Amino acid sequence: MCCILPDSGKHILTLGIESSCDETAAAVLRDGRELLSNVISTQIPLHRKYGGVVPEIASRRHIVNVMPVIDEALQKAEVALSDVDQVAVTYGPGLVGALLVGVSAAKALAFARNVPLIGVNHLEGHIFANFLSHKELEPPFMALVVSGGHTALIHVVGYNHFLLMGQTRDDAAGEAFDKIARVMGLPYPGGPEIDRLAAEGDENAVDFPRALREKGNYEFSFSGLKSAVLNYLNEMQMKRIAVNKADVAASFQKAVIEVLVQKSLEALSETKLDTLVLAGGVAANSALEHRLREASAEHGIRFYYPDKILCTDNAAMIACRGYYQSRAGLFSDLRLNAVPGLSLQSVEA
Ligand code: KG4
Ligand code: ZN
């Protein structure tokens, strides 16, 4: 396996590939933070009529899309495949069939070009999206990762050194957004729909529960909240009382945000860190961003979140994570496989 010496002085071009769920994406990154291209082909319209991602359809569409998307990323970056120094790819977590398409493409390209392959944890990628949006950002910081499948607080000590503070015991925040939206008859993906609707509602209309609020507990649980909202909607339907969807959306969103903000502030205070970084698809939520910004300002915390296009799934964040892995010699070999259940874990430098 060839290897790039970290301080050879040469610019390093990383091709990033992402296919963990319903976005086929490729990006070209020069060194750690200079994004040359970022191509995302979304399958959302395809899955919308089913109310969620259909794994088999997603895999098939990734197969059709993956090479054209990579070609487009190279073209937009004005580079040739022969210029690429290394290939970074998401190998988990995600849908196994979907992941395998990106992993297979990356392995084939790395093998054909005889360049290093770097398997990237998608959730670490979400955190690294912030390095692309904020060139001055450096570890250490506290990262709040809120995506469709995961919710976690992670202390980023260094580029390759993470300490997991806590994660969700059951549902992820994004999962709860999507499920509640579906029951309210809103289109997939539900998160942005709830976000929009909540802006018109009264967040104090319904008092939904907040779980695991004891101090020092950095685990999350959103299944109780999800059930409480579903029970409320059922009860109203049985009593034939018209529900104000905007009020329900706003009240639910407030319950999620309150817990996320409280635990983030506690984790910052315990670790004596002064920087908070928001990551994952739910980072695109306008109320969450607003509340975290407000709370950070009150407590003298520097707050970062990625540009909207880098909040949800993309390959730029995968290329960025891959670049910092390569600096530490953390390469994969051609046995790299998809790991659908990969989670965020503590990693020592
Ligand atoms: O990170 P992501 O793109 O995919 C995963 O890695 O899971 O996150 C997707 C999740 C979905 O649950 C989607 O509903 C949610 O992010 N999301 C939002 C918003 N935009 C996307 N949730 C709340 N408000 C938004 N504006
Ligand atoms: Zn994601």
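Counting starts at 1 for both ligands and their atoms, following the listed order. A quick note: this is a predicted structure, and the numbers were derived from the prediction, not measured. Quick note: numbers below take in every heavy atom, side chains included, and nothing from hydrogens, waters or symmetry partners.
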Asks: Give the residue and atom name of whichever protein heavy atom lies nearest to atom 2 (P) of ligand 1, and the separation in Å to one decimal.
Replies: Asp313 OD1, 3.4 Å
Asks: Which residues pass the salt bridge (Lys or Arg N to Asp or Glu O under 4.0 Å) test with Arg182, not counting sequence neighbours?
Replies: none
Asks: Tell me whether the NZ or CZ atom of Arg293 lies within the 45° cone about the ring axis of Phe303 and under 6.0 Å from its centre.
Replies: no
Asks: Would you mind listing which atoms of ligand 1 come within a distance below 4.0 Å of any non-hydrogen atom of Thr312?
Replies: 3 (O)
Asks: Between the side chains of Arg196 and Glu193, is the shortest nitrogen-to-carboxylate-oxygen separation below 4.0 Å, so that they form an ion pair?
Replies: yes
Asks: Look at atom 15 (C) of ligand 1 and say which protein heavy atom is nearest, naming residue and atom and giving the distance to 0.1 Å.
Replies: Val282 CG2, 3.9 Å
Asks: Taking only heavy atoms of Gly174, which atoms of ligand 1 are found under 4.0 Å from at least one of them?
Replies: 12 (O)
Asks: Heavy-atom contact under 4.0 Å between Gly149 and ligand 1?
Replies: yes
Asks: Look at the rings of Phe162 and Phe128 and say which category their plane angle falls in: under 30° parallel, 30 to 60° tilted, over 60° perpendicular.
Replies: perpendicular
Asks: Can I get a per-line list of side-chain donor-acceptor pairs under 3.5 Å for residues 55-62, giving both atom names and the distance, sequence neighbours left out?
Replies:
residue, atom, partner, partner atom, Å
Glu56, OE2, Arg60, NE, 2.8
Glu56, OE2, Arg60, NH2, 3.1
Ser59, OG, Pro55, O, 2.9
His62, ND1, Thr24, OG1, 2.9
His62, NE2, Ser19, O, 3.3
His62, NE2, Cys21, O, 2.8

Asks: Please find out if less than 6.0 Å separates the ring center of Phe208 from that of Tyr232.
Replies: yes
Asks: Judged on heavy-atom distance to atom 24 (N) of ligand 1, which of Asn285, Asp22, Asp178 sits nearest?
Replies: Asn285
Asks: State whether Arg213 and Glu258 are salt-bridged, where the test is any N-O pair (Lys NZ or Arg NE/NH1/NH2 against Asp/Glu carboxylate O) under 4.0 Å.
Replies: yes
Asks: Is it true that Lys239 and Glu235 make a salt bridge, defined as a side-chain N closer than 4.0 Å to a carboxylate O?
Replies: yes
Asks: Return the number of protein N, O or S atoms with a distance to the Zn ion (ligand 2) smaller than 2.8 Å.
Replies: 3
Asks: Going by side-chain contact (heavy atoms from CB on, under 4.5 Å), Pro306 matches just one of Asn130, Thr312, Asn314. Which one?
Replies: Asn130
Asks: For ligand 1, which atoms have a heavy atom of Asp195 less than 4.0 angstrom away?
Replies: 24 (N), 25 (C), 26 (N)
Asks: Can you say whether the rings of Phe220 and Phe222 are parallel (under 30°), tilted (30 to 60°) or perpendicular (over 60°)?
Replies: parallel
Asks: With heavy atoms only and a cut-off of under 4.0 Å, state how His150 meets ligand 1: side chain, backbone, both or neither.
Replies: neither
Asks: Evaluating non-hydrogen atoms only, which member of Gly148, Gly125, Cys311 is closest to atom 9 (C) of ligand 1?
Replies: Gly148
Asks: Look at atom 22 (N) of ligand 1 and say which protein heavy atom is nearest, naming residue and atom and giving the distance to 0.1 Å.
Replies: Gly191 CA, 3.3 Å
Asks: Among protein heavy atoms, which sits nearest to atom 6 (O) of ligand 1, and what does the distance come to when rounded to 0.1 Å?
Replies: His122 NE2, 3.0 Å
Asks: Extract all donor-acceptor atom pairs below 3.5 Å that involve side chains of residues 98-113 and protein atoms in other chains or at least two apart in sequence.
Replies:
residue, atom, partner, partner atom, Å
Ser104, OG, Leu100, O, 2.6
Lys107, NZ, Leu334, O, 3.2
Lys107, NZ, Leu336, O, 2.7

Asks: Between Tyr324 and Phe131, what is the ring plane arrangement, given parallel below 30°, perpendicular above 60°, and tilted in between?
Replies: tilted
Asks: Which is closest to atom 8 (O) of ligand 1 by heavy-atom distance: Gly52, Pro192, Gly281, Ala172?
Replies: Gly281
